[in-house]
Amino acid sequence: MASWKATAVQFNEQKTWQIPNRMDALARTAKEVFAWMGSLPLASRAKYSTGLAIEEMVTNIIKYSYDDDAEHQIRIHVTVNRDDVQLVFEDDGHPFDPTTRPAPDIEALVASQKAGGLGIELIRRMCDQMLYERDGSLNRLTLHIRRLQPDDTQF
């Protein structure tokens, strides 16, 4: 009699981008990320959340992390595991821990008609986990986004 052994399917795709702190570099990189992720078995929601997280976090780094006009490098590392997408952002800007940022007063933001102020909160709500560490002169932010939600129907 033949015996069957169940084995866990391992899945691990990863890619790293290193870009200068310029919006045009972010735009090109975002297109590359979406193209790369298009070939991976991810739910549409995971792809969208990953792309949005990259655009939002790198935009914040470019806008707020530096006091000079010098070129700085921002590193984006994406790993697609069996259960989640892990994003790691590294920059040498001012220390900034988005995990300690208080939730915004959404009603006040809407009433003020001021643009912005919701990005970090939106990313926080999309992620299963958001971790920050300062390593020497580097900010390192790690996000975990679930590959598949119970109600996902599109891949």
Side-chain angles (χ1 to χ4, degrees), residues 8-68 70-106 109 115-155:
V9 174
Q10 295 297 318
F11 183 81
N12 186 303
E13 293 286 333
Q14 51 188 316
K15 192 161 176 128
T16 301
W17 289 266
Q18 187 159 315
I19 67 170
N21 57 323
R22 293 191 326 266
M23 295 303 282
D24 61 327
L26 170 58
R28 283 191 307 275
T29 302
K31 287 179 185 177
E32 288 179 25
V33 171
F34 277 114
W36 176 68
M37 289 179 37
S39 66
L40 301 176
L42 293 169
S44 297
R45 185 185 325 207
K47 291 176 186 178
Y48 173 79
S49 296
T50 299
L52 182 61
I54 289 171
E55 289 179 3
E56 199 53 51
M57 300 315 294
V58 175
T59 295
N60 284 348
I61 293 167
I62 292 169
K63 285 183 168 183
Y64 306 115
S65 288
Y66 306 104
D67 289 332
D68 58 36
E71 184 173 289
H72 297 268
Q73 295 298 307
I74 301 166
R75 184 174 179 262
I76 308 161
H77 185 76
V78 182
T79 303
V80 180
N81 296 306
R82 188 176 67 95
D83 297 322
D84 69 359
V85 178
Q86 179 181 317
L87 302 167
V88 179
F89 301 91
E90 292 180 330
D91 68 85
D92 66 344
H94 300 299
F96 177 70
D97 182 354
T99 67
T100 62
R101 184 124 174 125
D105 180 343
I106 294 173
L109 280 173
L118 293 174
I120 291 172
E121 182 64 19
L122 179 61
I123 301 307
R124 184 182 292 139
R125 292 181 183 201
M126 291 183 334
C127 295
D128 287 343
Q129 191 174 33
M130 178 186 266
L131 306 166
Y132 171 82
E133 66 180 311
R134 183 75 177 178
D135 184 9
S137 64
L138 289 179
N139 291 304
R140 183 175 298 120
L141 179 68
T142 303
L143 308 177
H144 293 270
I145 298 171
R146 192 173 303 165
R147 278 187 64 196
L148 183 65
Q149 300 286 341
D151 59 342
D152 282 333
T153 58
Q154 291 184 316
F155 292 91

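Both backbone and side-chain heavy atoms feed into the values below; hydrogens, waters and symmetry mates do not. Residues take their numbers from the sequence shown, with the count starting at 1.
- Between Ile145 and Asp84, the closest side-chain pair of non-hydrogen atoms is not below 4.5 Å.
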#### Entry: Residues Ile74, Gln18; criterion side-chain contact (heavy atoms from CB on, under 4.5 Å); working and verdict
CA-CA 6 Å; Ile74 301 166; Gln18 187 159 315; over 6 Å; no

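- Remark: Cys127 SG to Gln86 CD distance equals 11.0 Å, nearest 0.5 Å.
- Annotation: side chain of Thr142 is not in contact with side chain of Leu87 (no heavy-atom distance under 4.5 Å).
- Between Ile76 and Val58, the closest side-chain pair of non-hydrogen atoms falls below 4.5 Å.
- Residues Thr79 and His77 have side chains that bring a donor and an acceptor to within less than 3.5 angstrom of each other.
- A donor-acceptor contact shorter than 3.5 Å links the side chain of Asp68 to the backbone of Ala70.
- The side chain to side chain donor-acceptor pair (under 3.5 Å) contacts involving residues 30-40 comprise Trp17-Glu32, where partners must be two or more places apart or lie in separate chains.
- For the pair Glu133/Leu131, no side-chain contact is recorded, criterion being any heavy-atom separation below 4.5 Å from C-beta on.
- Side chain to side chain, Asp128 and His144 fail the donor-acceptor criterion of an N or O pair below 3.5 Å.
- Considering every non-hydrogen atom in both Met130 and Ile120, the closest pair reads CE-O, 4.4 Å.
- Taking all atoms of both residues into account, the shortest heavy-atom contact from Tyr132 to Pro98 is CD1-CD, 4.1 Å.
- Enclosure of atom OH in Tyr64 is not indicated, since only 12 or fewer non-hydrogen atoms of other residues, nucleotides or ligands lie within 6.0 angstrom.
- At distances below 3.5 Å, not a single donor-acceptor pair connects side-chain atoms of Arg22 with backbone N or O atoms of Ile62.
- For Gln73, the side chain to side chain donor-acceptor pair (under 3.5 Å) test picks out Glu71, with sequence neighbours left out.
- Rounding to the nearest 0.5 Å places OG1 of Thr29 at 12.0 Å from CZ of Phe34.
- Counting non-hydrogen atoms of neighbouring residues, nucleotides and ligands closer than 6.0 angstrom, the OH atom of Tyr48 reaches no more than 12 such neighbours.
- Interatomic distance, CG of Leu40 versus NZ of Lys15, reported as 10.0 Å (0.5 Å rounding).
- The minimum heavy-atom distance between Ala43 and Arg147, with the atom names listed, is CB-O, 3.3 Å.
- Counting heavy atoms from C-beta outward, Leu143 and Leu141 have side chains that approach closer than 4.5 Å.
- Closest non-hydrogen pair, Ile123 versus Ala53, comes out as CD1-CA, 3.4 Å.
- Side-chain contact between Phe96 and Ile61 is absent, with no heavy-atom pair separated by less than 4.5 Å.
- Within the 4.5 Å cutoff, no side-chain heavy atoms of Gln14 are placed close to those of Val78.
- Applying the side chain to side chain donor-acceptor pair (under 3.5 Å) definition to pairs two or more places apart or across chains, those involving residues 90-100 are Tyr66-Asp92, Asp67-His94, His72-Asp92, Arg75-Glu90, Glu90-Arg140, Asp91-Asn139, Asp97-Thr99.
- Going from atom CG of Asn60 over to atom CD of Glu55 covers 12.0 Å, rounded to the nearest 0.5 Å.
- Counting heavy atoms from C-beta on, the side chains of Glu56 and Leu122 never come closer than 4.5 Å.
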